[in-house]
Amino acid sequence: MPDDAASASSRLSVTRREALAAIGGAALAAPTGTGATAVAGDRPAPVLVRVYPGAVPLQARLRYGPDALRGDWPRPFGEALAAVESAFEQVLAYARERSRLEDLEVRVERGPAIRFPPSTTPLSADAVVPSLEGLLDRFRDRLRKRDAITDRSCHLLLRWSPLNYRVGYGGTVSPHALTGGPDGGGDAQSVANVGATEVWDSPAVTRNIAIHETLHTFLSSGVVADIGDAVCDHELGEAVRTAPDTVRVSPMATAYAGPDRIGGGTRFHGTGCYDHDRFYRHGGTDGVEHWTYTTELSEATLEGVTRYLERRFEG
Ligand SMILES: [Zn+2]
């Protein structure tokens with residue numbers, strides 16, 4: 001767990017170093033110093049993706065062996081963090097192969113543990129089964145108190161609530177659903193219910209949902225509409241047949257690729273919009289018995305996130 005995350009971090013910084021080396025090379029090759037200086041001096045502040053571990057009850061930690069009994073990052077949380085890191089590595093590699101986003105740094109960081117105090121109104125429905133809105137409100141309050149709002153950050157809470165049907169697999173809520181906000185500033189908050197994906201599905205679904213709930217905050221409706229005339233973020237994902245009875249699902253299609261019934265792909269189907277005919281690629285669901293998952297982003301998702309970062313953070 002921490003080892004996986006640490007190696008992912010170092011991979012990310014290698015990518016970053018390579019990018020800096022590439023920019024340095026371009027600066028040396030520039031005929032005058034002005035353009036090169038502007039590149040170096042005007043580099044935008046990094047975009048931050050901060051991932052916060054929530055509380056995990058003892059009985060849940062027991063699933064993961066003695067190492068998980070202490071520390072804030074039991075195995076599924078470490079894997080969720082590493083998955084988010086890998087998603088941005090993919091986006092930046094895609095962009096830089098095309099000489100895009102060369103000056104933009106996206107930093108995926110570990111945030112401190114988030115423990116919510118007991119609700120002051122213990123008999124309210126929200127105290128027993130918090131809604132997604134209620135949970136995100138409390139998360140945002142906590143971030144404000146910690147002075148963690150930067151106007152260029154996505155804050156992802158890893159939650160352990162396997163029975164919370166109101167949060168489901170997670171999500172984000174307007175007006176804090178986009179990193180760098182619709183009015184030119186603002187942080188996004190998102191939740192990935194790792195408890196639900198681990199208990200009802202699998203580690204592969206955990207990894208994809210962590211990516212999914214993060215990338216929602218880097219996909220605006222304008223950007224999504226520009227890509228293949230998509231009407232929602234999920235359509236940028238793909239579900240590809242790898243055998244007659246097997247489908248492989250990418251992160252943005254996860255929880256949306258199967259038929260809308262219990263056990264159709266993931267145990268629970270997402271409640272957001274989806275139309276398989278409109279997905280970037282969808283191999284259909286007839287005769288599918290095996291659902292597999294890949295953290296590899298579809299090309300449509302890579303292009304969408306790249307465009308979003310260009311429009312919001314490079315302008
Ligand atoms: Zn979604």
Side-chain angles (χ1 to χ4, degrees), residues 1-15 48-93 106-114 154-162 164 167-172 190-218 237 248-255 257 265-268 270 291-298 301 305:
M1 36 184 227
D3 286 345
D4 288 352
S7 62
S9 293
S10 57
R11 279 203 308 277
L12 196 67
S13 54
V14 168
T15 311
L48 297 183
V49 179
R50 302 195 88 199
V51 183
Y52 301 77
V56 181
L58 180 64
Q59 65 271 30
R61 285 174 183 267
L62 291 173
R63 297 164 63 97
Y64 301 105
D67 283 355
L69 291 174
R70 51 196 157 72
D72 296 325
W73 295 88
R75 200 253 315 143
F77 283 4
E79 289 187 2
L81 171 73
V84 171
E85 285 174 328
S86 91
F88 284 97
E89 283 174 16
Q90 293 174 57
V91 169
L92 293 181
V106 181
R107 212 181 277 166
V108 180
E109 298 181 340
R110 286 178 193 233
I114 298 282
C154 165
H155 303 273
L156 175 70
L157 175 62
L158 303 177
R159 176 81 172 168
W160 192 279
S161 300
N164 188 334
V167 168
Y169 286 131
T172 180
S190 193
V191 176
N193 191 349
V194 171
T197 53
E198 286 288 309
V199 169
W200 302 110
D201 292 285
S202 65
V205 173
T206 293
R207 292 190 286 270
N208 275 20
I209 289 291
I211 294 172
H212 179 124
E213 304 303 356
T214 304
L215 293 191
H216 265 313
T217 77
F218 290 90
R248 189 184 61 210
V249 184
S250 80
M252 287 317 294
T254 297
T266 47
R267 179 76 71 99
F268 301 103
W291 298 85
T292 62
Y293 294 88
T294 175
T295 52
E296 207 172 299
L297 302 177
S298 70
T301 304
V305 176

For a quick test of reading the model, state the closest non-hydrogen atom pair linking [X] to [Y] and the distance between them.
{"X": "W73", "Y": "P53", "value": "CZ2-CD, 3.5 Å"}
{"X": "G237", "Y": "S250", "value": "CA-OG, 3.5 Å"}
{"X": "A192", "Y": "A210", "value": "CB-CA, 4.0 Å"}
{"X": "N164", "Y": "N193", "value": "O-ND2, 4.2 Å"}

Assess, by modelled atom type and distance only, whether the side chains of D201 and Y169 contain a donor and an acceptor separated by less than 3.5 Å. yes

Would you kindly say whether T172 and S190 are connected by a side-chain donor-acceptor distance under 3.5 Å? no

Report the relative orientation of the aromatic rings in Y52 and H155; use parallel for angles under 30°, tilted for 30 to 60°, perpendicular for over 60°. tilted

Do side-chain atoms of [X] reach the backbone of [Y] as a donor and acceptor pair under 3.5 angstrom?
{"X": "E198", "Y": "W160", "answer": "no"}
{"X": "R248", "Y": "T294", "answer": "no"}
{"X": "E79", "Y": "P203", "answer": "no"}

At what distance, to the nearest 0.5 angstrom, does [atom1] of [X] lie from [atom2] of [Y]?
{"X": "Y293", "Y": "T206", "atom1": "OH", "atom2": "OG1", "result": "11.0 Å"}
{"X": "R207", "Y": "S202", "atom1": "CZ", "atom2": "OG", "result": "7.5 Å"}
{"X": "I211", "Y": "L297", "atom1": "CD1", "atom2": "CG", "result": "6.0 Å"}
{"X": "F218", "Y": "T301", "atom1": "CZ", "atom2": "OG1", "result": "14.0 Å"}
{"X": "E213", "Y": "M252", "atom1": "CD", "atom2": "CE", "result": "7.5 Å"}
{"X": "L157", "Y": "R50", "atom1": "CG", "atom2": "CZ", "result": "13.0 Å"}

Heavy-atom check, side chain of [X] versus side chain of [Y], under 4.5 Å:
{"X": "V106", "Y": "V91", "value": "no"}
{"X": "L158", "Y": "V51", "value": "yes"}
{"X": "T214", "Y": "F88", "value": "yes"}
{"X": "V194", "Y": "F77", "value": "yes"}

Carefully, step by step, assess N208 and T295 under the rule side chain to side chain contact (heavy atoms under 4.5 Å, CB included). CA-CA 6 Å; N208 275 20; T295 52; 3.5 Å; yes

Looking at V167, V199, T197, which one forms a side-chain contact (heavy atoms from CB on, under 4.5 Å) with P162? V199

Counting heavy atoms not belonging to E296, are there more than 12 under 6.0 Å from its CD? no

